[in-house]
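To start, the structure under review is shown below, and the notes come after it.
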Amino acid sequence: MRLRIGIAGAGVLGRLLAWQLSHAGHAVEVFDPAAGPEPRSDGRGPAGFTAAGMLSPLAELDAAGPEVARLGLRSVPLWAEVAQRLAALDGSGDAARYFRQRGSLMLAHGPDLGAAQRVLARLSTAPAGLPEPRRLTRPALLDLEPALLPGLHAWFLDGEGQVMPQAMLPALCAWAREVRWHWGRTVASTVPGAITLDDGTTRGFDLVFDVRGLGARPPPPPPSFPRRREPTMTPPRRLRGFPPSRE
């Protein structure tokens with residue numbers, strides 16, 4: 001069944017949804033306030049362009065639970081598949097333009113060893129399937145990153161990867177199938193089956209995805225400052241005998 005699908009937001013999730021759903025045969029429209037799909041880092045495009053794109057299921061355990069780590073672990077091969085499909089579509093065969101899986105490093109200065117050990121204790125709660133951090137010797141660290149300063153404690157987090165956003169995000173737009181991209185259009189609100197734009201127009205769809213992230217928040221109210229109290233001038237009380245009477 002071919003569905004009419006509306007997507008609010010053209011960040012990482014919006015572009016990925018449009019690419020996947022259009023190749024599944026659906027009619028997709030995307031609305032985003034950015035001027036176009038090209039990379040930009042001036043605050044007027046997706047935050048994904050300025051993000052590192054790290055896929056760090058093990059490192060996420062420092063601030064999240066095992067379920068987040070499991071989902072992150074599942075996402076790594078899915079992103080690898082997306083990169084391979086894009087490389088086939090663009091004819092280059094170079095999936096490394098879009099995705100790399102070379103592991104990541106956890107580093108700590110000498111005085112921060114205690115803090116690093118507390119982080120490692122949290123990482124030890126990793127669910128099955130995630131490798132344990134591996135302590136690196138100084139020669140092993142130099143072999144990976146020769147520009148790093150000496151005296152650092154280092155651990156290698158195997159299996160972690162990186163999406164290359166400067167290449168991945170434009171490619172998801174370029175190789176989506178017959179998607180209608182509404183650039184320069186700001187979504188005011190969404191409800192099931194409808195997207196309302198900031199000019200008051202409403203578009204109906206069979207299915208709506210709102211993936212604007214922080215872009216869905218209403219604009220902050222203008223700053224309010226306490227009203228300046230102007231000094232007031234009142235005539236002084238007439239004192240008996242002052243000013244002197246002319247009588």
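Counting from 1, the numbers follow the sequence of the chain as shown.
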[X] and [Y]: which non-hydrogen atoms are nearest, and at how many Å?
{"X": "A83", "Y": "F99", "answer": "CB-CB, 3.5 Å"}
{"X": "P165", "Y": "P170", "answer": "O-CD, 3.7 Å"}
{"X": "A154", "Y": "L107", "answer": "CB-CD2, 3.6 Å"}
{"X": "A34", "Y": "W183", "answer": "O-CB, 3.4 Å"}
{"X": "R203", "Y": "H182", "answer": "NH1-CE1, 3.8 Å"}
{"X": "A87", "Y": "A95", "answer": "CB-N, 3.6 Å"}

Is any side-chain heavy atom of [X] less than 4.5 Å from a side-chain heavy atom of [Y]?
{"X": "Y98", "Y": "M164", "value": "no"}
{"X": "C173", "Y": "W181", "value": "yes"}
{"X": "I7", "Y": "V28", "value": "yes"}
{"X": "L172", "Y": "V82", "value": "yes"}
{"X": "P57", "Y": "L130", "value": "yes"}
{"X": "L136", "Y": "L144", "value": "yes"}
{"X": "Q117", "Y": "H153", "value": "no"}
{"X": "M106", "Y": "P133", "value": "no"}

Give the cluster check for [X] versus [Y]: same hydrophobic cluster or not, with ILVMFWY residues linked at side-chain heavy-atom distances below 4.5 Å.
{"X": "L16", "Y": "F209", "value": "no"}
{"X": "L207", "Y": "L17", "value": "yes"}
{"X": "I195", "Y": "L21", "value": "no"}
{"X": "L113", "Y": "L157", "value": "yes"}
{"X": "V179", "Y": "L13", "value": "yes"}

Roughly how far apart are [X] [atom1] and [Y] [atom2], rounded to 0.5 Å?
{"X": "S189", "Y": "R212", "atom1": "OG", "atom2": "CZ", "value": "7.5 Å"}
{"X": "L142", "Y": "L152", "atom1": "CG", "atom2": "CG", "value": "9.5 Å"}
{"X": "W155", "Y": "R135", "atom1": "CH2", "atom2": "CZ", "value": "4.5 Å"}
{"X": "L73", "Y": "L58", "atom1": "CG", "atom2": "CG", "value": "9.5 Å"}
{"X": "R70", "Y": "L61", "atom1": "CZ", "atom2": "CG", "value": "9.5 Å"}
{"X": "L86", "Y": "W19", "atom1": "CG", "atom2": "CH2", "value": "5.0 Å"}

Flag if over 12 foreign heavy atoms under 6.0 Å of [atom1], [X]:
{"X": "E38", "atom1": "CD", "result": "yes"}
{"X": "E67", "atom1": "CD", "result": "yes"}
{"X": "R74", "atom1": "CZ", "result": "no"}

Going by distance alone, is a donor N or O of one side chain under 3.5 Å from an acceptor N or O of the other, for S104 and S56? no
Looking only at the side chains, is there a donor atom on one of R85 and Q20 sitting less than 3.5 Å from an acceptor on the other?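 On atom types as modelled, these side chains qualify, holding a pair under 3.5 Å.
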Audit row: E132, S124, side-chain contact (heavy atoms from CB on, under 4.5 Å) steps and yes/no: CA-CA 7 Å; E132 294 183 2; S124 67; over 6 Å; no
Answer yes or no: is there a donor N or O on one side and an acceptor on the other, between the side chain of [X] and the main chain of [Y], under 3.5 Å?
{"X": "H23", "Y": "W175", "result": "yes"}
{"X": "E29", "Y": "G6", "result": "no"}
{"X": "T201", "Y": "L197", "result": "no"}
{"X": "R15", "Y": "L169", "result": "yes"}
{"X": "R100", "Y": "A96", "result": "yes"}
{"X": "Q101", "Y": "Q162", "result": "no"}
{"X": "R122", "Y": "D62", "result": "yes"}
{"X": "E160", "Y": "R102", "result": "no"}
{"X": "T137", "Y": "A140", "result": "yes"}
{"X": "H26", "Y": "R2", "result": "no"}

Is D206 paired with R4 through a side-chain N to carboxylate O contact shorter than 4.0 Å?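 Salt bridge: no.
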Are R185 and D198 close enough for a salt bridge, meaning some N to O gap below 4.0 Å? no
